[in-house]
Amino acid sequence: MHRLVRLFTCAALTIAPAPVDAQPLETPDSGTPAAFQAMVDQVRRGMMAPGPVVERWKVGGADPTAALVARGADRHVMLVEDENGTTVSFSTDGRIADLAAPAWRVVDTYGSPIAFAENPTVGFSPVGTRFVVGARTAGWRENGLDCGKQPTHAILYERRDAPADQTADQAMTFFRITMLAMEGQTICSRAVGDSRRGWRLTYLLPDGRELPAFNKSETRMRIAPAGPIDRLVVGTSLADIAVAPPEG
């Protein structure tokens with residue numbers, strides 16, 4: 001699923017405390033395991049709170065992955081664009097490290113590079129301007145939707161030549177909270193459009209209920225020629241991303 005990590009990253013950025021100039025989550029002493037788990041639970045609740053059923057949600061959903069394969073997945077990538085930046089996604093069973101930019105520094109990891117993922121994609125999603133999450137996820141189609149679960153493997157990278165809008169420790173905390181909040185969750189998206197114009201995406205649960213946290217800003221997806229990954233992944237400074245007050 002080309003958009004899964006971007007979904008959780010963007011939603012968490014609007015719900016969790018961004019690592020710069022943001023209000024902390026209302027939890028006990030953040031140094032305790034219980035407090036950290038409370039933060040994970042709070043972010044998960046905020047991201048996964050459902051809205052109403054999307055009208056005609058089973059009707060007419062496009063299949064962008066099939067369009068990418070038809071165009072040539074070995075020569076093209078999927079770009080997912082929203083107000084938080086540009087995510088790059090590959091339809092491949094390759095490893096994250098084989099596709100990442102050589103200059104990127106590994107900060108933290110989640111899961112295993114040899115874990116099985118059916119119909120896998122590998123995506124690179126910016127977290128602010130300096131850090132990137134690379135993730136390998138499984139995906140499937142149901143009721144005209146693209147669906148997926150948490151990554152089987154993920155790596156947090158630092159772009160040391162990029163402007164610093166957070167520290168490595170802050171990025172690591174955000175990464176771990178986001179990965180744990182994703183565990184056990186299934187997210188689907190409905191695509192409207194075509195390979196010539198691109199697609200507009202709406203995010204929802206498998207039963208058709210909307211996920212408002214993921215739909216706060218318009219998300220568009222398009223096929224583009226493959227190129228250097230460090231040029232294709234573009235992030236927005238965390239200082240420019242609005243953070244919603246935490247929900248109890």
Side-chain angles (χ1 to χ4, degrees), residues 1-10 13 62-110 113 117 119-139 146 148 151-166 171 175 178 189 191-201 217-238 240-241:
M1 183 182 179
H2 293 283
R3 301 153 296 283
L4 185 61
V5 172
R6 189 61 183 157
L7 299 185
F8 279 95
T9 302
C10 292
L13 281 171
D63 188 350
T65 298
L68 176 62
V69 171
R71 186 79 64 89
D74 58 334
R75 305 181 308 278
H76 296 83
V77 297
M78 199 73 82
L79 300 183
V80 185
E81 300 165 318
D82 58 29
E83 64 182 7
N84 298 310
T86 301
T87 290
V88 180
S89 183
F90 302 81
S91 283
T92 178
D93 60 0
R95 296 190 180 190
I96 299 168
D98 295 334
L99 297 168
W104 292 353
R105 182 180 75 90
V106 175
V107 177
D108 200 2
T109 65
Y110 169 89
N119 300 319
T121 61
V122 174
F124 294 90
S125 182
V127 181
T129 55
R130 192 172 180 89
F131 295 89
V132 175
V133 175
R136 189 171 187 265
T137 61
D146 287 317
T152 57
H153 185 221
I155 302 175
L156 175 66
Y157 289 101
E158 181 179 13
R159 312 169 79 161
R160 287 176 286 186
D161 60 342
D165 55 0
Q166 59 185 311
F175 174 76
T178 304
S189 65
V192 176
D194 55 45
S195 60
R196 181 176 60 85
R197 297 172 299 170
W199 298 270
R200 181 174 52 81
L201 307 177
S217 62
E218 182 176 79
T219 303
R220 299 197 64 86
M221 185 167 62
R222 61 185 175 91
I223 297 172
I229 189 69
D230 55 344
R231 296 182 184 178
L232 293 173
V233 177
V234 179
T236 300
S237 172
L238 294 179
D240 296 330
I241 297 175

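Here the structure is a predicted model, which means the values were calculated and not measured.
The minimum heavy-atom distance linking His153 with Tyr110 is given by the pair CD2-O, 3.1 Å. When all heavy atoms are compared, the tightest approach of Val106 to Thr109 is CG1-CG2, 4.1 Å. In terms of heavy atoms, Phe90 sits closest to Val77 at CE2-CG1, 3.4 Å. The minimum heavy-atom distance linking Val127 with Gln166 is given by the pair O-NE2, 3.1 Å. Between Thr129 and Arg159, the shortest heavy-atom contact is O-CD, 4.0 Å.
The pair Arg95-Asp98 does not count as a salt bridge, with every side-chain nitrogen at least 4.0 angstrom from each carboxylate oxygen. Of the charged side-chain nitrogens involved, none lies within less than 4.0 Å of a carboxylate oxygen, so that Glu81 and Arg220 do not count as a salt-bridged pair.
Ring geometry, Phe124 versus Tyr157: the interplanar angle falls from 30° to 60°, so the pair is classed tilted.
We find the OG-CE distance between Ser189 and Met221 to be 6.5 Å, quoted to the nearest 0.5 Å.
No side-chain N or O of Thr236 forms a donor-acceptor pair with one of Asn84 less than 3.5 Å apart. Thr137 and Thr121 share a side-chain donor-acceptor pair at under 3.5 Å.
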Verdict with reasoning, Glu218 to Asp82, per side-chain contact (heavy atoms from CB on, under 4.5 Å): CA-CA 6 Å; Glu218 182 176 79; Asp82 58 29; over 6 Å; no

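A 6.0 Å sphere centred on CZ of Arg200 holds no more than 12 heavy atoms belonging to other residues, nucleotides or ligands.
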